[in-house]
2 protein chains.
Amino acid sequence: MSLRHALLGLLSERPASGYDLLKRFETSLATVWPATQSQIYTELTKLAAGGLITVAAEGPRGRKEYAIADGGLAELRHWLTETKPQRNTRSDILLRVFFLGVLKPEQARAYLAGLVEMSEQGHEELRLLAESIDWGDDDLSVYGRIALEYGLRFNAMRREWAEWAAGQIR
Amino acid sequence: MSLRHALLGLLSERPASGYDLLKRFETSLATVWPATQSQIYTELTKLAAGGLITVAAEGPRGRKEYAIADGGLAELRHWLTETKPQRNTRSDILLRVFFLGVLKPEQARAYLAGLVEMSEQGHEELRLLAESIDWGDDDLSVYGRIALEYGLRFNAMRREWAEWAAGQIR
DNA sequence: TTCTACATGTAAAACGTTACATGATTTC
DNA sequence: GAAATCATGTAACGTTTTACATGTAGAA
């Protein structure tokens, strides 16, 4: 049920239309919480029906600009402070590792080499993104920077691990 | 669609019943690919209907022992070598970080402190697990060890990151 | 005028979780 | 004989993905 919280979170920053939010999901949230257009519009309708957000303005082409309501902000804070994050996230990358024994050693190493490359690319993309942003000391900058740093460290860790792992296979 | 591959992977090691497989999902695969009893039994029926696995033996209490068929092994190898792993995994842990700005700084730091603790616990659990296993040099040992090492490094990385992040919040 | 971007909505299918339902064998 | 474990199956519900469907406004 985190999609609704992701939407509330984005709307807590500033009012936005479904279309605006979709763009945010495709960029900053893409690596953390992917969501489709279909899902976003459906959930916005439900949130508005529940009074957690309101239609603050209507624009051209049927544009509806949503704003977070007091109840929505309370729900967002409740989620952040009172509910525990899920520990288990599915990782098909790691799941595959368990079964590499059915492949020939060189195929298993090739898989791990692919992970090295994926991690390098991921790291580089984030590095460029970090460079392109003019970081201030507002909330978005501070927490955006923290999330981005996680990505950098994660990719570096995975790269080193995959290199080490390839060396374990004889 | 990775549940079917997880099942094929486990059955490639040795024949097993739905019940046996459920236990494997609750232990070794729990952190990587959680699955419920309901899901497992349903998928096994489908895999058997598709000829990717067979009922190799029947035991007491209606026990059905499944074995992987040639087609299933081919499908498993195809998945491992020809399909790309998903990059984006949802992380509600990281999603929350984006929105910590709606909390008071001390609440945000408390959240990150919780992540430090979670990572320490995760690390410790894996360390004990690693100690308790008698590692050989068979496939399962080699790849199981590699997957476990990932968990250790991941938890260490996350712990250090969360500590650093808490220091970024004024 | 044509293309691109803006903008929304719904339906069907696939996947995942929770709950219900049942019963046999083994162990104490 | 009771309790724990082994063992399977299905129904209802919620979430996610893919696909279909439609139309407007602005830019070139």
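No hydrogens, no waters, no symmetry mates; every other heavy atom, side chains included, goes into these values. So you know, we letter chains A, B, ... as the sequences are listed, proteins then strands, and number each from 1.
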Closest to the side chain of B:Arg61, out of D:dT8, D:dA11, D:dA7, is D:dA7
Calculate the interatomic distance between B:Tyr19 atom OH and C:dT26 atom C1'; express it in whole Å. 12 Å
In whole Å, what is the span from the NZ atom of A:Lys46 to the C1' atom of C:dG9? 14 Å
Spell out yes or no: do the side chain of A:Ser38 and the base of D:dT18 have one donor N/O and one acceptor N/O closer than 3.5 Å? yes
Supply the atom-to-atom distance A:Leu103 CG to A:Arg109 CZ, rounded to the nearest 0.5 angstrom. 11.5 Å
Qualifying ring-ring contact (aromatic ring centres under 6.0 Å, His included) pairs, either residue in residues 77-114 of chain B, two or more places apart: B:His5-B:Trp79
Ignoring backbone atoms, establish whether B:Tyr41 has a side-chain N or O less than 4.0 Å from OP1 or OP2 of D:dG9. no
Any idea which heavy atoms bring A:Thr89 and B:Arg90 closest together, and the distance? CG2-O, 3.1 Å
Position toward the 5' end of DNA chain D (nearest nucleotide), B:Thr42 or B:Arg90: B:Thr42
Of all the nucleotides listed (D:dA7, C:dT8, D:dG9), which has the minimum atom distance to the side chain of B:Gln37? D:dG9
Is the closest basic N to carboxylate O distance between A:Arg24 and A:Asp20 below 4.0 Å? no
Just the rounded figure in Å: distance from C1' of D:dT5 to CD of B:Glu26. 12 Å
Can you measure A:Arg24 atom CZ to C:dA7 atom C1' for me and round it to whole angstrom units? 18 Å
What integer distance in Å separates B:Lys23:NZ from D:dT8:P? 11 Å
So, OP1 or OP2 of C:dG9: does either fall under 4.0 Å of a side-chain N or O from A:Lys64? yes
Atom CE of A:Met1 and atom P of D:dC13 are separated, to the nearest Å, by 16 Å
Would you confirm whether B:Tyr41, through its side chain, and B:Thr36, through its main-chain N or O, come within 3.5 Å as a donor-acceptor pair? no
May I have the distance from A:Phe25 (atom CZ) to D:dT17 (atom C1'), rounded to whole angstrom? 15 Å
B:Leu22 has an atom CG; how far is it from atom P of D:dC6, in whole Å? 10 Å
Between the base of C:dT17 and the side chain of B:Gln39, is there a donor and acceptor pair under 3.5 angstrom? no
Tell me which nucleotide among D:dA7, C:dA5, D:dT18 gets nearest to the side chain of A:Thr36. D:dT18
